[in-house]
Amino acid sequence: MTAVTQRQPLPPPVTTLSADDARRAALRAQGLLGAPDRRAGVRGVLRHLGAVQLDTISVLARSHELVPYARLGPVGRPAVDAAYWTAASGAGAPAGPHSFEYWSHAACILPIEEWPHFAFRRRAFRARGHRWHIMKDSARSCAAVLDRLKADGPLTTSELGGGRKGGEWWDWSETKIAVEWLLDTGEVVCTERRGWKRVYDLAERAVPDALLHDDLDDTACIRRLVAQAGAAMGVATRADLADYHRLKGEQVDAVVEDSGLVPVAVEGWAKPAWADPAALATPPRGRHRTTLLSPFDSLVWDRPRTERIFGFTHRLEAYVPKPKRIHGYFAMPLLAGGKLLGRVDPAREGTVLVARQLSMQGAKAVRPMAQALREAARWVGCDAVRVDRCDDPRLAAALRTELTRATEEAPTA
């Protein structure tokens, strides 16, 4: 008979937070309450969050661009990509990368300093022996990719020989399967993109020597990632901590008491929680950001947590058949005053930002929605905003009036 492992009783909470306290702690931890660290810029946002999710969908911009925009305001879009993927200039030393791509919450950009802490995941891939694509001759295909990168790298998939056999997008070539497997297992790394294409290089060449090691055991890796997730969320349940970097619940259980996080209770939360001591040290105060959020933003990427903290049910409908969509293809939540007050499915038509479908939680959301739409329009080079559909005709009329008023009051060159 197999013994059943019992979860150890949790230590008593050191304090009880109100639901509003927890919400504000989460906003501050995510960089959306208080003055933004503009000097640290996009790279500072990445280090603070610990992971920025990538996605192929581009509406106003790609998700990894929208994340720093939400926190810093209208950062130049070329500057965002440069901050992620341009190597640091070395004073007499070789330039080093700021980030790398790997599997965290999903496919994410991660600070290069976190390379050692994903050793547990690289080992897990090696132990499994394959990804969902199977190679015909694994040893030969991987050796060919490594030899080519050693001789001519860094290279994109097309430069290596092509990503697809010519069929559907998942019908990968042997070379593509090999290079992605080598990325999974850590022999190859992506620290740069060119025109949205991954650029692959040998890890031994791209990752700084001080970080290029897998000698941290699984416990040390997971402890660090749990602590980092807790700091990035402020206050979190066991499930929240597991979801941030897609860990298992039992992995969180094994390390959380040694992670530096402290047990707390949150009014209205059914489950116990853990808080970053820094989140408890001073009350969260400061300016609330008014902005549109990517559906993949780490503030809202965990749907149960979003509903628990904000009372806001959100679902990405890009992969839902169009007739069954409720809020639109790429509905972006509106954050204002520390709350989620609506959502909009945006598009661009020339120099017009189009709100294809829009909803707001009452009249209090009208002015913030207008502000967020105008700022987003300017950021992507649009000079006008058009509202196509809104679920409340009175709010739609008020929004159009607010947008017109703001346009008439805007200073002219």
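Numbers for residues simply follow the sequence, beginning at 1. Bear in mind that the values here come from a model prediction, so they are computed numbers and not experimental data. Worth knowing before you read on, the calculation uses all heavy atoms, side chains too, and leaves out hydrogens, waters and symmetry mates.
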Neighbour count above 12 (heavy atom, 6.0 Å) for [X] [atom1]:
X: Asp209; atom1: CG; value: no
X: Arg315; atom1: CZ; value: no
X: Arg128; atom1: CZ; value: yes

Would you say the side chains of [X] and [Y] form a donor-acceptor pair under 3.5 Å?
X: Glu307; Y: Thr313; answer: yes
X: Thr156; Y: Ser158; answer: yes
X: Asp297; Y: Ser294; answer: no
X: Glu375; Y: Thr291; answer: no
X: Glu65; Y: Tyr84; answer: no

In sequence, state the C-alpha distance, the side-chain angles, and the governing distance for Glu159 and Lys197, and then conclude on salt bridge (Lys or Arg N to Asp or Glu O under 4.0 Å). CA-CA 11 Å; Glu159 289 168 339; Lys197 292 182 178 180; over 6 Å; no
As a quick check of understanding, evaluate salt bridge (Lys or Arg N to Asp or Glu O under 4.0 Å) for Arg356 and Asp388, giving each step before the final call. CA-CA 5 Å; Arg356 293 184 293 193; Asp388 279 0; over 6 Å; no
Think Arg289 forms a cation-pi with Tyr69, using NZ or CZ under 6.0 Å from the six-ring centre and within 45 degrees of its axis?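 Satisfied, under 6.0 Å and within 45°.
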Geometric cation-pi criterion, Arg308 with Trp269: 6.0 Å, 45°: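 Here Arg308 passes the 6.0 Å and 45° test against Trp269.
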Between [atom1] on residue [X] and [atom2] on residue [Y], distance to nearest 0.5 Å:
X: Leu340; Y: Leu299; atom1: CG; atom2: CG; answer: 6.5 Å
X: Thr191; Y: Arg198; atom1: OG1; atom2: CZ; answer: 12.0 Å
X: Trp115; Y: Leu110; atom1: CH2; atom2: CG; answer: 10.5 Å
X: Gln228; Y: Asp276; atom1: CD; atom2: CG; answer: 10.0 Å
X: His327; Y: Ser359; atom1: NE2; atom2: OG; answer: 5.5 Å
X: Leu54; Y: His105; atom1: CG; atom2: NE2; answer: 12.0 Å

Determine whether a donor-acceptor pair (N or O, by modelled atom type, separation under 3.5 Å) exists between the side chain of Asp201 and the backbone of Gly153.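 Answer holds: no.
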Let me know which of Arg123, Arg121, Lys248, Arg122 forms a salt bridge (charged side-chain N to carboxylate O under 4.0 Å, His left out) with Asp218.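 Going through the options one by one, the only one that passes is Arg123.
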